[in-house]
Amino acid sequence: WHTSTNSQQSIFPLHTRSGILAPADTSATMSTTNADDSVYNPGDLAIPNFTVPPHPSESTKNEGSPWRRRLICIAVSLGILIAAAIGIMLTLTGGQGPQAIFIQEDPPGLDETNRWSLNSRNGLDLFVMNSCEDRWTPIFDEYIAAWDNGTPDALTLTTGKFPHDPECGAYPGRANVCNGNYGNTEWRGLNTAFLRNGLVHHSVAKLNDYHLDRESESQKKYTMCHELGHAFGLPHTDENYYNFDRGDCLDYTLRPRNNLSPGEFNFNLLYSLYGSANGDPMTSAAGESLVRPSEGNNARPSGENNFQDEEEYEENEDDDERRLDDPIRRLGSPPAEMEDDTPASVMEKYVTVRACLEDYSCAECVDETLFDYGNVRMLHENDQGEACEFDLGEGYTIQTHKLLVR
């Protein structure tokens, strides 16, 4: 190799441009000759592309790293999701732990079970007054039928439509259901039972349109079914409203559409309280033996005639007046044993406490009505509802259940 004779540069320095060897001065003219003196231009010379191979340690270091990065990202993401899920569960269950969502409580309110004093030995025969506005009548009728046709059957319900009564008057031996706009109270539904010697004297249920008019049809139905259940003397089936729904309307729930009817537990408990409306043997729908009313926790006290005697009951069965079409005549007159027996001093306390409980919480009414805590029993209290009982003296108590809005 030698430079052309007309070249002014005898040594040709090279440097790297993008990994390719090229002349340092492209203005210089260079040619080469081979053995036969043929002249070749430098551009005709093929110069190889040199690359620096990676160091062996670098190759080993990077091999498989994308998979490791993916696995680390997945593990971190799963950890964050699990921590968030546990945090949400703890928040929803009030710190009880995730297991509270999956555990259904045993019926917690059995000590809140009440019995009517008007039951015979063949089921509860009860008159339920519809003192609601007409727009509530379809829902009222739907749930009267649902409760009246249970299996096993312990109820014989008779109803009458009365003028709208938002104050919801109390009638001895009757359950009264009313609606009205009761304002921004904390409850959407309320049931108040007046008891004498542990047995129900009368019951009133109120539906608060202030809340229910803004809520779903399912919430309206759930509230009606729920308050009627209390009117018959039933407690709650479950008071944890974050766990799975049991399917009956006395189970607290955030999803009322899932609990729109009475359930088997409710009907079995009614059956154990009142016996069979059809005179059937005392067994549940599953064939299990049930406790007779006289053997239960609310059995009548020894020596007390809390039931109508047999002769009086037979007379009432033959009395067609309460089943005539005229709603006022259908109501009939209160039993003589309940008409004038309640002392005036007790009724005065009843009116005071009932009015307070419709406007304030149980705890607030202790001070508001000047009652001692010894006269008040808190049955339960949580975000979904509360229930309490005030001792009015002389064997009388008032018990209120509230379905709360939070």
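Owing to the predicted nature of the structure, the values given are computational and were not obtained by experimental measurement. Throughout, residue positions are numbered sequentially from 1 according to the sequence presented.
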Parallel, tilted or perpendicular: which one describes the rings of [X] and [Y], with boundaries at 30° and 60°?
| X | Y | answer |
| --- | --- | --- |
| His230 | His226 | perpendicular |
| His380 | His401 | tilted |
| Tyr252 | His236 | tilted |
| Trp147 | Phe267 | perpendicular |

Quick one about [Y] and [X] (side-chain donor to acceptor, distance below 3.5 Å, no hydrogens or angles considered), yes or no?
| X | Y | value |
| --- | --- | --- |
| Asp248 | Thr237 | yes |
| Trp136 | Asp209 | yes |
| Thr253 | Asp245 | yes |
| Asp148 | Thr156 | no |
| Gln399 | Asn114 | yes |

Please lay out, stage by stage, how His201 and Phe194 fare under the test ring-ring contact (aromatic ring centres under 6.0 Å, His included).
CA-CA 5 Å; His201 177 280; Phe194 184 53; 5.2 Å; yes
For the cysteines Cys132 and Cys178, is the SG separation below 2.5 Å?
no
Is it true that Cys356 and Cys365 have SG atoms closer together than 2.5 Å?
yes
Val128 vs Ile144, test: side-chain contact (heavy atoms from CB on, under 4.5 Å). Steps then yes/no.
CA-CA 9 Å; Val128 185; Ile144 287 292; 4.0 Å; yes
Is a donor on one side and an acceptor on the other found under 3.5 Å between the side chain of [X] and the backbone of [Y]?
| X | Y | value |
| --- | --- | --- |
| Asn176 | Gly169 | yes |
| Asn179 | Asn208 | no |
| Asn266 | Gly263 | yes |

Looking only at heavy atoms, what is the nearest atom pair of Arg196 and Tyr396, with distance?
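It is CD-OH, 3.2 Å.
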Closest non-hydrogen atom pair between Ser218 and Arg257, with its separation:
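Heavy atoms of Ser218 and Arg257 come nearest at OG-CB, 3.7 Å.
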Report the residues that fulfil side-chain contact (heavy atoms from CB on, under 4.5 Å) with Arg214, sequence neighbours left out, ordered by chain and then residue number.
Tyr210
Could you check whether Glu186 pairs with Lys402 (Lys NZ or Arg NE/NH1/NH2 to Asp/Glu carboxylate O, under 4.0 Å)?
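Answer for the salt bridge query: no.
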Verdict with reasoning, Asn375 to Phe390, per side-chain contact (heavy atoms from CB on, under 4.5 Å):
CA-CA 6 Å; Asn375 299 104; Phe390 280 66; 5.9 Å; no
